[in-house]
Every structure is written in C-alpha cells, then in structure tokens.
Protein chains: 2
Amino acid sequence: MEKYSVVFLPDDIKVEVDAGISLLEAARQAGIHVKSTCGGKGTCGKCTVKVTEGKISGGQGNIPKDLKEQGYILACNAMVESDLSVEIPMEFRLHEHQVFLDDQQEGIVSEGKLDILGDFPLNALAKKISLELPPPTLTENASDYARLITELKKHMATERLTVSNAVLKTLPDILRAGDWKITVTIADLEEGQEIVRVTSGQDDAPAYGVAIDVGTTTIAVTLIDLSSGAVVARQGTYNRQADFGDDVITRIVYADENNGTEKLQQVVMETINDLLNKIFEEQDISMEEIPVAVVAGNTTMSQLFLGISPKYIRLEPYIPAASQYPIVKAKDLGLSINPEGMVLSFPAVASYVGGDIVSGTLVAEVAKHEELTLFVDIGTNGEMVLGNQDWLMCCACSAGPAFEGGGIAYGMRAMAGAIERVAIDKETYHVAYKTIGDTPPVGICGSGLIDCLSKLREAGIIDRSGKMQDLDIPGIKRGDDGPEFILAFAAESGIDQDIVITESDIKNLIRAKGAIFAGVRIMLSMADMPIEAIDKILIAGGFGNYLNVPDSVRIGLLPDLPAEKYEFIGNSSLKGAQLALLSKEAFRYAEEIGRSMTYLELSIGNAFMDEYVSALFLPHTDFSLFPSVQI
Amino acid sequence: MEKYSVVFLPDDIKVEVDAGISLLEAARQAGIHVKSTCGGKGTCGKCTVKVTEGKISGGQGNIPKDLKEQGYILACNAMVESDLSVEIPMEFRLHEHQVFLDDQQEGIVSEGKLDILGDFPLNALAKKISLELPPPTLTENASDYARLITELKKHMATERLTVSNAVLKTLPDILRAGDWKITVTIADLEEGQEIVRVTSGQDDAPAYGVAIDVGTTTIAVTLIDLSSGAVVARQGTYNRQADFGDDVITRIVYADENNGTEKLQQVVMETINDLLNKIFEEQDISMEEIPVAVVAGNTTMSQLFLGISPKYIRLEPYIPAASQYPIVKAKDLGLSINPEGMVLSFPAVASYVGGDIVSGTLVAEVAKHEELTLFVDIGTNGEMVLGNQDWLMCCACSAGPAFEGGGIAYGMRAMAGAIERVAIDKETYHVAYKTIGDTPPVGICGSGLIDCLSKLREAGIIDRSGKMQDLDIPGIKRGDDGPEFILAFAAESGIDQDIVITESDIKNLIRAKGAIFAGVRIMLSMADMPIEAIDKILIAGGFGNYLNVPDSVRIGLLPDLPAEKYEFIGNSSLKGAQLALLSKEAFRYAEEIGRSMTYLELSIGNAFMDEYVSALFLPHTDFSLFPSVQI
C-alpha cells in the first residue's frame, strides 16, 4: 500500500501513513488527539484542521462559517492523497491536562471529604507478609509450596488459598536465592486468597492497590497504600476513547459498526496504563508491586474495559451483558499492574446505572442510615439514587454532557483556566468571573455554567424559556446561530477569542437541568413522597470544586431545599473504588447494593416525558415547587 | 547464518538447517526421532547414523565396534558442515507406534479390569446443561448473565459459580442467536464451578473429559464421556521428551543446563496435543467441547508439564516445587482442549513418588480396605506403596528402565514384535518365544525379560550372580562386551540381526529387580511385618499384557507369595485420572491420599543399600525368603 508522510503543525510531528486514511486517523497515529464529538461522522464540526501543503479528498461537512472562510476542513472525512502539511489549532485538540483533583478551594458547598472507611473494617484486598521458612532436609522434605503454606498459616487464614502456576514457577529459585527468607504478596478476596508474587528477602514496602474511575470523558487513577489506607499518588486525564465519540451512545455505535470493541478496550487500557506508569515512575515502584485493582465505571465503560461488546445496551430493552463482572487477571486485560494481579469491577444495576453509581452509593453511605438521601451524579448522563437503609431506587436520564462542558461552545471540564464562578451586575451587565487556578479564562466549566444561567436570568438577559432578550448592551453580540453573551472579551481571555455563551448553549443547559429534575420528581412520585421528605442531597460529578446551591436551585436543576441539606462529594466513583480496595466487606456490600437497588426505566410510559417538558423553564412551569426562588 | 540441506534416508526427508548444528538436532527438525538415552552427551552410543554424502565434523564417541566398522557415527556430536545425505536405520529410531492399550490377551495374571468408580459417586468434573431463558423486556431487564444464572440455579447448585471474561464476551450474541435457547458447559470442581462454554441451541452430545498419563517413556490419553463414564477413545505414543534423554534425571539435567524447561514443556504438550487431535478427528468433535482434563505423572513429568523447573528434584534434599498443583487453564498451558478448560494435576507425595502413584493408589483402592496391600509400579523408576485403610507408606528406588526395555541391548516397550514370553529347553537349550502381535521379533519387553532371566537360570545358562556359564552351545556367542545368549537368530528376526541378551543386560536386570525387592523389604521392616502379612499385591507398569508371577518370584523380583494374591492392573495412573474425571469426591480423596502417605527416603542411612546388595543374587542371598524357589 502506498505511504505518504504527514507533518502536523505547530508540533512539527511527522508520520508515515497509508494512502487514503482520514486525517483524524493520521493525527491519532501521530499521537495528537483531535476533538470529535460525533465519532467521525462529519456531523459535529469539531475536528477542524487546515491543510497547508499537499492534496486531500473530501473534508467537507458541518464546519462553522468563519472557520470555513479561513480554509478549515473536517479531519474525519478528509483523506490523505499525497504528502501533507496539516495545521491543527491547539483549541481543537483534546488536551492531556491533569484533571483537577485537588480538593483545596473555598466555595459555597465545597467538596466534602468523605470518611472513606466509615464503619467498614480495614481489611484490604491485598496483603504483604514477610516469612522465614525452615530450610528443608532429607527428613523434613515437604515441597517448597507446602513449606510456604505451613508458615503462612501462622499469619493468616488460608482455607481457600491458591497460587497461580506462573508464580509457582518462580518459587523454588526465589526461596533459595533469599536463603528461605521471602515476602509474599497475596490478593485476599471474598472468593479466596491467591499468592500473586513472592520475592526473595523481606521488605517493608506496603502492599499497594490501584483505584480506577473510568469515566466516559475522564479517567482518574489513585495509588493506595493498603496498610494505612493513604492515597499515595493520583493522576487523571481524558479518556482517549473520546477520539471515537463524546458520549456512550457514539462509542457503542463505533464498537458495533466497526467491530471496534477491541479497539476501544485497547485505547482505554492505554489511557489507564499511561497514568499508572506516570505514578510508578513518580513513586519509583514497579508494576509488579501492585496485586490488585478496583475499577468503577458506567455500564458501557465497564463492558468496554473488559472488552465486552456494549451493543445491546442501546437496543431496546437495553440489556447489559452482566451486572456482576468476573474477576479478571491483569495479564488477560493488558492492565499495567502485576500480570497475575486481580482486577475487580464494581457491579452494575442496569444498562444506564453502572458501577460508578454503585461505588458512589457505597462510599456516600446512602444505604447505611435512616434518613432519606438523594444521590445525584451529574456527568455525561445524570444518574440518581433515592433511598435509605430500607430501600433504594435509581434511574438515569440522558442529561447530555452540558455540565461537563459538552455541547457548549466554550464548555470545558473543570481544570485550569475554566470559568467556575460568574457574577453579572444587574445595572451595568458587567461580568465578573473566577477561573480555576486564577489564570486567563479559556472556557467555562459546569459550576460556571450553573452560575451563568442563574445570573443571566437574574439580570433579565434571558427570559424564563432561556431566550436572550433584545438588549442593546456591549455584552450581547450576534453569532452564526443567533445571539451570544460575552463572558470574557478576547483581550482578557487566554485564547485570543471572546468567550461567549450562546442561546443554543442555554437551551442545552435547560434541557440538561430539566432532565435531571424530572428524574428526581419521578423517583419521589414512585416513593410517594414530597420534596421536603429528602433529608440529605449528595451531589457527585465533575463540576469543579464546589456546588453553588442557591444558583442550582434558582435554575431548577436541584430541589428547592436549604443549602445545609446539600453536600458536594466530588468523584465518588473513584472514592468508592478506594474504599473497596481497603475493605473486602465494603466490596461485598457494594454487590448487595447493586442487587438490591430497584431500577426505574424512564423510557416506559409518558411520566418522565411529562415531567421533563414541565421542567424546561427557569426554574419550572410549576412555580410552587420553587417557593424560595424570586420569579 | 549459512544453511545446508540434509536428506534423511530411507525416508528421503529433506530439511534446510543452520550450519554447525548436530545431526541429532537436524533429525529432530526433520521430524525423525532418534534414540538418545544420554540426552546428547555422546556416551550412550544409541544415536548411530551413517553419512552417505557430504561433510561433517565430530561424530566420534561410544559406538559399538561392529557399527563403527560399518561406518556409523554418533548423531549427537556430529556437526553439519555441508549438504548431506544421512541414513538412519529404523531400529535406531523412536517409533511413534501406538502404545499397546488393548486389554485382551491371555496370560498368567492378565491385566485386571478395575471397577473404576468403586463406591465413589458419579459426579463428574464437568456437566452440560441445556436451558431456555425467558427473553428480556423493558420491565424484566436483568442482565444477560443474571438471566442465565437464574435459570441455571434451577438445575444445579451455583453457590460458587464463576464465568471467565472470555466466555462472558461471547454471551450476548450467543443468547440472541439461539433465540434464548442455549447449552452451557460447566467445569464443576471442588473449588467451585466455572462456565467454560456457552453455545446457541440445545444439543445432546455429552460433556467430555480427557485423562492424560504422562509417563517418562510413554504418554497415554483417553477421552471420557462424563455422563456415562465410557471410554470413548484412546491413544498412546512415546513421550517426545525422549529426544532429550531416557530417564527423569537426564531430562532434569537437560532442563537445568540448557534452560530447557520451556522446551521440554513444549515437546510434551506437542506429544499430547497430537494424540488429542487424532482423537478429535476420529470422533469428529472439536477441542472446544472438552472443558476439563486430569493429568497424572511422576513429579518430574508433572512439573515439566506445568513448565516448572525440576532442578531441585535431583539435588539433595530432593524437594519438589509443590505437592498439590494449581488448577491451570488450558490456554495458559497450550493444551488442545477448550482454552478456558480446567487442567487438574494429581498431587505428588515427594520428588520420586508422584501423581501417577497417587492416581494408582486411588483407583486400586489401596486405602479403602482392611487388608494389607502392596502396590508396585515398575516403570523407569520402581515406586511402591504399602498400607491399608489405616496407614500408607511409600518409597521409590532407582530400578532403572530395564523392565521398560531401557539399558538392554534389544530391550523395547511392550508393543508389536516384542518378545513377551520365553521358554528354554533344559536339555537342548532351544528357545521358544511369543511376540506381541505374533509378528517376527524385533526386541524384548519387560515380561519377556523376566521370563528370560528366570529360564536362563533354570537351564543353568547363568549362575546365581547372573554370570553366563562357559557352555559350548550354538545359542551362546561372544559379543563386544562379553558373552551373549541368542533369543532369535537373524534369519527369523524382524530386523536381520540376532536378538540377544548380553551378560551386561542380565546384570542390569538383576540390579533392577534387586532395587525393587529391597524397597519392599524396607517398607515391611518399617511396618515391622513379615512378607506373609501382605494380603494383596497389585502390580502396575508397562510390562505388556500380563505378569508371570512364578518367574517374577523365581528371579527374586517379587515376594514369594501365592499367585492368587497377585493382580496385574496395567496403567493404573491413567485409570486413576479417568476416575478423577468422573468423581469430584475421588479427586478430593486423591488429595487426601497424597497428604497422608508417609514417604520413606531410601537415601538416608545404609538400610536400603544393605538390602539392595543382598538382593543382587537370583533369587536372593537369603534363600529363606524364597522357600518356593528350587535353588
């Protein structure tokens, strides 16, 4: 097959590629990740690039007018026909930034520090034990493995202990090299114990475990010291599957239509392994030192992580392959921990309520107390759980990724440069904002968008349906698709462009908040309870560092209840995975949670749609639901 | 690297090989397996070949004089220096004959048919169950796997059921392809159940299991119908590891000195897989239909099968890596059954009493009855067990492979053409013999050797120490290394050579029988019991089809007890593996046997050596031990 060389600018990275592949694929091969919300269908208009030298075919499609005039084309359907030079502006790329994981900033309800263990005992999924064995003689001639077990039994219960053949192979030499002094690393699971590693000599390093949150958009990993429970290191980044589409549906379509399950598994594993390798390098430890990993993700992410086709998740009646996943050896997945290490996945409840929600429900102790708790995880989907120690119900609504910055012109995840708070002067319409890291603004994240919507309404810039008013003020300009409100002018922004919120953004946000509030209403009506019955509201998700409760209520996203009932708990999926690593009992309890939760399928009947339509106003068509809001 | 072509005759097989490799290795690459008792050290003189064209270097060593004169050289240390033509006489090859597995022939104590199950319940290690699942709906939306389990629970206990990720991956499509009718194959082990395979539709084929006896010299495989217990097919052949040496010690040395564990594992797996593939072809079934295999072998064979270095087995204090082996997935071994299938190995007792003996002890019910049983397995080593339902002891003595035909000039395994019975006229010294399959004789097997030794002594051709008498009869001739007795003259033999037994053969046989009898004596003295206390003697091993008890007693191989106390049970290792496949309880009981047997290490102290030296006479220095034998 003919090969061409493609040079990507401004990086000046050159790759040799097969003739006829798309520029999107060529960029991928060059290690440059271009935004592509639609998964390469030519519809989202995000993957714009400019060919400065050479010949391509195709490249037309839904491209913003101003970019088209500047000569931009779409990378997803432009095919390489000669050697090329291609410019990809930094703003059209997925950046491999650190996801913001630092907990320190003030806020209205800042991220609460969950006491991870709660009343679960510290009984980690792996242990390290140093042993000194009596050397064998002609009369004391038990086998190497039997000798090891005899000594090990003095330190722990071994009634269901196994060893993998791979580890047994190493045992005879290791025992003798260390003069019968060894350190044994054991995965200690509910299902039994397995010796994952034996090393010569005795060392004091703790047993480690890895917690992994596989989000549709971002992936976060922490390294946990299993003896103390301390978080030793953390890393996060974008899920590189985003190259194949922004949301789970696009990914499922890609997996199904392109036989792409394996590809998507490989890509998510690469993303995770890069994070793990960064941690191992930083901590100067080897992957062999990690005997166990716990993974939480939504059902599609969990299936793709395990390489199980998610096809039937999007086909009625929406059935996942499994709700409890097998324990898999790292070597069978290609995960960069000890090849014999055990990888556990949080169980799912249904196709759209996955292990991430079970993990969150676990660590937030929703099922541990008498008080009625509403747990809401706002990510690409909105999933929620209502219940207490006696009962649990859950549902999922397609909120869309608006609160994660998706489908919003200048939307972005909560990271440095994101506008996270907004104030608008009601007289002058002057905008004040705060960005994460206090750097020049490059976009706006979830908490900023909630503020923004609330403040635009309060200042009368938009009406109750979200329509922008015809005001003659410098902040309002006309964009390609209608009026836009300028949050930060080009001069002050970090990207030499005005950062705006468009009327279409506002509609998207209203749809997203409407879907979530409708879900809350449906659950309450199933339980036959009023809003006031809720004792506690826990909000998880990637908003940033805090949740602005009054503004969330003012736009009708969250129930009109006093701020003290709210708690923002951040990435509860990751925290639950950490808890599970530290306590066998916690992981078993999570399986119970998964089994006992009642799932409400919102697509049955009209109830959800009625609630949703009623919620497409600010704050709602039924004002009585929001008594504290000044209409 | 330079390449030369080597043509092997009379096969006319041509291979391209690297310059400088040995002719033994070149033959191996051509698929021709040449005898090599010493494992390629140039000492055994078995790998003789003749170069008819081209240039080699080396090739000298311990070559029988007559062959040397005919131009034969050693293949193991002759190096390829040009294109070559090489003749390898058929008699110097390891033939890939079928090992004789047919039970039907008359004999003095012919092979007994053990009632395999005995009083163990039929509770096989794998099951096949056909199910019809209710299709999912929006309201009955349990996951595919949960739906499967719900239905499966109606048919079996599933308290510790797992599924491998590989099988789970196939589940969603298989369920829908079969319109929710499926057949599930489950490995049902003591440790828990695992779903090994799910297929669309419902089929009536039974679940199969494979029993494998990995002997040092031969390998036998049977396919078992796990629902009826029937032996569906059987195959046997030489263990191709014989290319690397005849006995376990030579193999261990090869494994250790050449980093050869992996190579030996690969070779044994190839040998077994070829047998399995023959069976699958013959039975028209696929490897995927086999969810479980049980393997029995001596400790070295078991470790090599699992790829565990046997190095420390031959180094004092002779410690095996393990006595109970892990259950391994077929895919991790490269065994040709279902890749997710479970491979169980019989536990070992010590470095020289392995899983084959535990398997034999199990199926022969040594530990099930009140009567005192002596179990003797005469193979390359002589291993024996003494005991009853209350106690068991065992030991191993290096008998050498004489009774398997090793170290004997014309020795061979019990297969077509092997002399299996010998009679010598005391007046005329005329020899009558019977061969297996009644074909012209090509060698002599274990039962023939016992006969021969006994009859030579009876006829006065050898004295009590095994020395050949100076008789002027046509049957005695002078060979390179001393006198030889002709059993079959060249004219009548199948190999155009006299088939003889040499004085050195006789010494080897006396050493072998002396070692075994010494082992029996040691065990009896440990138990403080006389020979007469033995109620039953079970003989296992590769003698052929029967055991000649009077002759075995006359040469002092076996205790002087009435023939009715003897039973010849053939390949009890294979039969025990078949039993284990059919009964979980039996395999668990085998583990108990392994744990409870007391192993006598004969290398401690002088007791064994004293007994051994006393037994180097026909029948023994202490005549009182053999009252029935006419001295």
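To find a chain, count down the sequence lines: A is the first, B the second, and so on, and within it residues start at 1. Values reported hereafter were calculated over all heavy atoms of this structure, with side chains retained and with hydrogens, waters and symmetry mates removed.
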Given the options A:E601, A:R160, A:E191, which has more heavy-atom pairs under 4.5 Å with chain B than any of the others?
A:R160
Is chain B contacted by the side chain of A:A142, its backbone, both, or neither, given a heavy-atom distance below 4.5 Å?
backbone
Expected contact set for residues 331-341 of chain A against chain B at heavy-atom separation under 4.5 Å reads A:K331, A:D332, A:L333
So which of A:T137, A:T299, A:I149 has the biggest tally of heavy-atom pairs under 4.5 Å with chain B?
A:T137
N/O donor-acceptor pair under 3.5 Å between B:N298 side chain and B:M301 backbone
yes
Between B:A350, B:S351, B:P172, which shows the greatest number of heavy-atom pairs under 4.5 Å with chain A?
B:P172
Interface residue of largest heavy-atom contact number with chain A, from B:I308, B:N165, B:V349, B:N141, under 4.5 Å:
B:N165
In terms of heavy-atom pairs under 4.5 Å with chain A, which of B:E140, B:Q303, B:R176 leads?
B:R176
Residue among A:L306, A:T162, A:L171 with most heavy-atom pairs under 4.5 Å to chain B:
A:L306
Say whether, by atom type as modelled, one donor and one acceptor occur between the side chain of A:Q241 and the main chain of A:L264 under 3.5 angstrom.
yes
Regarding A:E190 and A:K584, does a basic nitrogen lie under 4.0 Å from an acidic carboxylate oxygen?
no
Any idea which of A:L168, A:V328, A:T170 has the most non-hydrogen atom pairs under 4.5 angstrom with chain B?
A:L168
Please report, to 0.1 Å, the donor-acceptor pairs under 3.5 Å made by any side chain of residues 314-326 of chain A, with sequence neighbours excluded.
from, atom 1, to, atom 2, distance (Å)
A:S323, OG, B:S143, OG, 3.3
A:Q324, OE1, A:R595, NH1, 2.9
A:Q324, NE2, A:E591, OE2, 3.2

Quick one: what part of B:S164 sits under 4.5 Å from any heavy atom of chain A, side chain, backbone, both or neither?
backbone
I need the B:Y145 OH to B:T150 OG1 distance, nearest 0.5 Å.
10.5 Å
Taking side chain to side chain contact (heavy atoms under 4.5 Å, CB included) as the criterion, tell me which of B:L175, B:V198, B:L148 meets it with B:L131.
B:L148
Region of A:S603 that comes under 4.5 Å of a non-hydrogen atom in chain B
side chain
Answer yes or no: is there a donor N or O on one side and an acceptor on the other, between the side chain of B:T300 and the main chain of B:V248, under 3.5 Å?
no
To the nearest 0.5 Å, what is the distance between SG on B:C397 and OH on B:Y612?
10.0 Å
Between A:E194 and A:K329, does any side-chain N to carboxylate O distance fall below 4.0 Å?
yes
Chain B: which of A:S309, A:G307, A:A146, A:A348 shares the most heavy-atom pairs with it under 4.5 Å?
A:G307
Give a yes or no on whether the backbone of B:Y254 and the side-chain of B:N258 come within a donor-acceptor separation of less than 3.5 Å.
yes
Inspect the surroundings of CD in B:E132 and state if more than 12 heavy atoms from other residues, nucleotides or ligands are less than 6.0 Å away.
yes
